[in-house]
Number of protein chains: 2
Amino acid sequence: MSKIIIGSTPKKDGFRMPGEFEPQDHVYMIWPERGDNWHSGGKPAQWNFVSVAKAIAKFTPVTMCVNQGQYENARVMLGEDIRVIEISSNDSWMRDSGPTFVINNLGERRMVDWDFNAWGGLVDGLYFPWDQDSLLPTKIGEMDAFDRYRTEGFVLEGGSFHVDGEGTVITTEECLLSEGRNPHLGKSDIEEYLKEYLNVEKVIWLGKGIDPEETNGHVDDVVSYVKPGVVLCLWTEDKNHVYYDICQDAYKRLSEATDAKGRKLEIHKMPLPLENIYITAEEAKNTDVVIGSIPRAARDICPGTYVNYLVTNNGVIVPQFGDVNDSKAIKILQGLFPGKEIVGVETRQIVLGGGNIHCITQQRPSSKIK
Amino acid sequence: MSKIIIGSTPKKDGFRMPGEFEPQDHVYMIWPERGDNWHSGGKPAQWNFVSVAKAIAKFTPVTMCVNQGQYENARVMLGEDIRVIEISSNDSWMRDSGPTFVINNLGERRMVDWDFNAWGGLVDGLYFPWDQDSLLPTKIGEMDAFDRYRTEGFVLEGGSFHVDGEGTVITTEECLLSEGRNPHLGKSDIEEYLKEYLNVEKVIWLGKGIDPEETNGHVDDVVSYVKPGVVLCLWTEDKNHVYYDICQDAYKRLSEATDAKGRKLEIHKMPLPLENIYITAEEAKNTDVVIGSIPRAARDICPGTYVNYLVTNNGVIVPQFGDVNDSKAIKILQGLFPGKEIVGVETRQIVLGGGNIHCITQQRPSSKIK
């Protein structure tokens, strides 16, 4: 009941990826459990995922995909407003392993099923195997009846790009040109894939992201679209901050860019948390050692960023870390999204696993967008 | 997204189980794989399940629930018209471990989630554990958005009863009064459960079924409803046949019964296959030995019966065994279901596992029934 569309692309068929700020009718997530990424058997992270799911569900229905062994536990922890489904995964980053939804002028929706290799495959990926992650789009398509495009031979994760829904995509060179993804393709080949499968005309290239060792620099930690022509950029004035150069470079490139409509971008700045987020010795000690997975060590710095929020209908769900800048982040978003409710959710435990709210969610556009 | 309805029953809420001959909008099945029940790694049985699913799908959409390890294989074997879903199970008898659907006058549908214990639990059940089977109704409800009634403390399988949709249920004493199901309940208590959860007024009790060692005599091998007031009864004239006494007794009890509407039943006879169906030495040899499961031995007689058909909208899907009586069975059903297409499907491999087409399917009524 989920057909693979062979011999065509979304662009050829008139399908585009909408901006995250366009109407949605569903958000998909995956339940975290692997003990080599989530300390203490994943329990602290699970409670953070519950909070995120419940925050989203006030605005948009949520499906949580859960491995067999955690099904009953997740079903109880999540409460009855969340749809809990048995679908296996290797880890819980729906933005990256899940499908990207595209839509046409009639409101028909399809999925793009990107080739997924756990952020770098056997070159510098985070774990092996990723067989169950790779099946997620198939299983979601079967369950909820969406046909799909497959990009076999083209590796991409949803967290490595942001679109404005009007022909522009923003991404990073560090990630898309990384050795572990598509070393057989040049930059212009990769642009072609983005243009065909997201249905865009213009690729804005940033340099680096803030987590080179995990996602090879996903853009969704650094920049996000507020609406077409308006972006939010991670920012720090502290020259000694480990992310200083990255923020400067991102801001500079955005300032110099024009989008598919020929617009200069309006750029807003989002501060970093004042305090860096580290894994404690206790947390690191309670993380499983698994051969083939990246170990988590005490004092590893984690990519805490308020830019990794999710826009979902009338809500914006934004990470909070117990930091003095938490309230600043909410205030900035309130200014940028005047009609929406800004909901802060404590997500330190999600950051310890390598991402945040945007990384663990994947929105499905409403069929009422036209 | 699938709420448990507490403190009520279908009867109290005005929901009833429709007859199988009423309109359906879906049929659920489970993919077979366990090597201690299905010889040769389940492959021969899987091909029979594929044939059954495809036969049904001509009349009614089919969802196949598949364990993680068989997902990709099942997805390919079934072809793209079947919806293939990852939902775990311990074995593949959707009639028994799956939900029973009930409907009200508005066309709203709910599920009954019977307590399931693998046909007798630790007394004389067929395998241990049955934890994943028990979760099937929850997971189907979550996936397809149906609330459900649970009967904790009351064990029942869907294959142990047939309803006419007008207030009558037919069942067997051998099964419902068996020691491994509800030994704490008397016959009248059990009648009360049937009346409350199926919304019936009259229970017609038969004696025995034809597979005492497996299901403790499920009725769906012996009798089936054609329409309200009309039944089909397994039959043999051969006094030496192992099922002779069972058929005689079933026919006699049906002859003496009246249904909830006060009608005498019109009873038609369905012959047995002329040749008994046995597991061969080769097949038995290729069946896994698992502690706690009933072993399959060469020359075990299998309950081959044409009564174990599925009625689904304009089709009747009926077992075929390569027996001289195969065509007789089809002819009888053609006479009884004049507006429907009778589709025979070779199912010897399913019989070797202990059941047939009715046992491996569960229909969902259409919301258009009122």
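Per chain, numbering begins at 1; letters A, B, ... match sequence-line order. Values reported hereafter were calculated over all heavy atoms of this structure, with side chains retained and with hydrogens, waters and symmetry mates removed.
- Using a distance-only test at 3.5 Å, with no hydrogens or angles considered, no donor-acceptor pair links the side chain of B:Glu80 to the main chain of A:Lys3.
- B:Lys58 NZ: 12 or fewer foreign heavy atoms inside a 6.0 Å radius.
- Only the side chain of A:Leu135 comes within contact range of chain B, judged by heavy atoms closer than 4.5 Å.
- Note: B:Tyr71 OH to A:Ile87 CD1 = 7.5 Å, rounded to the nearest 0.5 Å.
- More than 12 heavy-atom neighbours from other residues, nucleotides or ligands sit within 6.0 angstrom of CD on B:Gln70.
- To the nearest 0.5 Å, the span separating CD on A:Glu86 from CD1 on B:Ile140 amounts to 11.0 Å.
- The number of heavy-atom neighbours closer than 6.0 Å to CD of B:Glu196, taken from other residues, nucleotides and ligands shown, is above 12.
- Between B:Met143 and A:Ile85, the closest heavy-atom pair is CA-CD1, 3.4 Å.
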(Q) Please evaluate residues B:Gln68 and A:Gln68 with respect to the criterion side chain to side chain contact (heavy atoms under 4.5 Å, CB included), reporting the C-alpha separation (whole Å), side-chain torsions for both, the decisive distance (0.1 Å), and the verdict. (A) CA-CA 9 Å; B:Gln68 186 203 87; A:Gln68 185 202 87; over 6 Å; no
